[in-house]
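Note on naming: letters A, B, ... go to the chains in the order of the sequence lines (proteins, then strands), and numbering restarts at 1 for each one.
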Protein chains: 2
Amino acid sequence: MAEPIDFYFDFSSPYGYFMSEKIDGIAAGVGRKVRWHPILLGVVYAVSEGKPLTDVPLKGDYAVRDIARSARFHGVDFAMPSPFPVATQAAARAFYWLHEQDCTLARRFAHAVYRAYFKLGRDISSPEVVVDIAESLGADGAALAAALKSDPLKARLKAACNEAIAKGVFGSPFVIIDGEPFWGVDRLPQIERWLDGGAF
Amino acid sequence: MAEPIDFYFDFSSPYGYFMSEKIDGIAAGVGRKVRWHPILLGVVYAVSEGKPLTDVPLKGDYAVRDIARSARFHGVDFAMPSPFPVATQAAARAFYWLHEQDCTLARRFAHAVYRAYFKLGRDISSPEVVVDIAESLGADGAALAAALKSDPLKARLKAACNEAIAKGVFGSPFVIIDGEPFWGVDRLPQIERWLDGGAF
């Protein structure tokens, strides 16, 4: 049985959103599973000198256009949210809290958060919105709201970010297959060839 | 008759090299021509806050791996040169000088420079190497060597960089089709769909 694929992403990353709509299906097609790892690009960028694409001169204007075009290219429903980007601590912490209880629920929550932000324009930086999304999927909202303020859960997310950095993750989405790193949804053709035919 | 496609690149850009091996054939498949525009990423990066990929923490290690893998993915002969990156003023100026005389020769020269650097590891930052490559294709080496030191040719390259920046170019390769910008060789699937089926 092959090892699961690792998928790192920030809930505020549009290219991460596109990947989230693709990676499980591609992996399933070759009989593999995917481990999802929400991280905070702000923490990663402190190491890798990154900044939000839309803040970079020239590149920022291009990014807005490329993001919308890439959504159409990949056939993913998308509307550029405002504000963008937003803080995603609450959403990422909620994911790990849910994952401790039910990994399938956590996966459904991750899809719901991404779609809430990138389809519906909901403010996923708000803990209330995050709790509301989790509740709508059947989670215990009051318990989650309390957990979001707790130190162990904060430490859990911090550890996830540090583990990602230790594996060389510097952006979102970032996919690692049997030790081979792939950055960006535009690496999907290489990922598919790698999964179908092995290392090239 | 559709407008030519514009292709901007730096001779020290490996992803630009991969694009250079693909773009003319793709364009020809839909009956279109390509205008090649060598530029200097150093000049562009002064505006768009870029820096050589391999100088960025974490991203640098990834880039070395991704470049070699992307070469294999695209089926392009490649060996990572050292030193990398190198200054490409002489090569870019020579391109524009040749282009004034014979655009086909300039195109052959551009391919030869890219392959000299990324297949053979020749030092294309050297004016002597650049002149040697041009001479091997039948150009007047002595005249080119003299021209490389001349102010009008320096001004020609400077103008090309400024025109590129004015069009929003911030990296290499950068392709503009009927006003639509595509950054990176990883946008080839989108470029092909755009050319085959029109705007999407």
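- B:V44 does not touch chain A: none of its heavy atoms, backbone or side chain, sits under 4.5 Å away.
- Note that OG1 of B:T88 and CG of B:L40 are 5.0 Å apart. Values are rounded to the nearest 0.5 Å.
- By the 30° and 60° cut-offs, the orientation of the rings of A:F9 relative to A:F11 is perpendicular.
- Looking at B:R69, both its backbone and its side chain come within 4.5 Å of chain A, counting heavy atoms on both sides.
- In this structure, B:R187 is not positioned above the aromatic face of B:F182 in the sense of NZ or CZ being under 6.0 Å from the six-membered ring centre and within 45° of the axis.
- Atom NZ of B:K167 is surrounded by 12 or fewer heavy atoms from other residues, nucleotides or ligands within 6.0 Å.
- Between the side chains of B:D66 and B:Y15, at least one donor N or O lies within less than 3.5 Å of an accepting N or O.
- Following chains of ILVMFWY side-chain contacts shorter than 4.5 Å, one cannot reach A:V56 starting from B:V56, and the two form parts of different hydrophobic clusters.
- For residues 120-130 of chain A, heavy-atom neighbours of chain B at less than 4.5 Å comprise no residues at all.
- Between B:F200 and B:W194, the angle of the ring planes goes over 60°, which puts this pair in the perpendicular group of the 30/60° scheme.
- Linking ILVMFWY side-chain heavy atoms closer than 4.5 Å, directly or via other members, places B:L148 and B:F95 in a single hydrophobic cluster.
- Judged purely by distance below 3.5 Å, without hydrogens or angles, the side chains of B:D24 and B:W36 pair a donor atom with an acceptor atom.
- Residues B:L188 and A:I67 fall into different hydrophobic clusters, defined by Ile, Leu, Val, Met, Phe, Trp and Tyr side chains chained together at heavy-atom separations under 4.5 Å.
- Near-neighbour residues of residues 170-181 of chain B relative to chain A, defined by a heavy atom under 4.5 Å from a heavy atom of that chain, comprise B:F170, B:F174, B:G179, B:E180, B:P181.
- Among the candidates B:A199, B:S70, B:G184, the residue making the largest number of heavy-atom pairs closer than 4.5 Å to chain A is B:S70.
- In the hydrophobic clustering of ILVMFWY residues, with side-chain heavy atoms under 4.5 Å counting as a link, A:V47 and A:V169 come out together.
- Other residues, nucleotides and ligands place no more than 12 heavy atoms under 6.0 Å from the CD atom of A:E100.
- Contacts between B:R72 and chain A at a heavy-atom distance below 4.5 Å involve backbone atoms as well as side-chain atoms.
- Highest contact tally toward chain A, considering only B:P189, B:G168, B:P57, is held by B:P57 [criterion: heavy-atom pairs under 4.5 Å].
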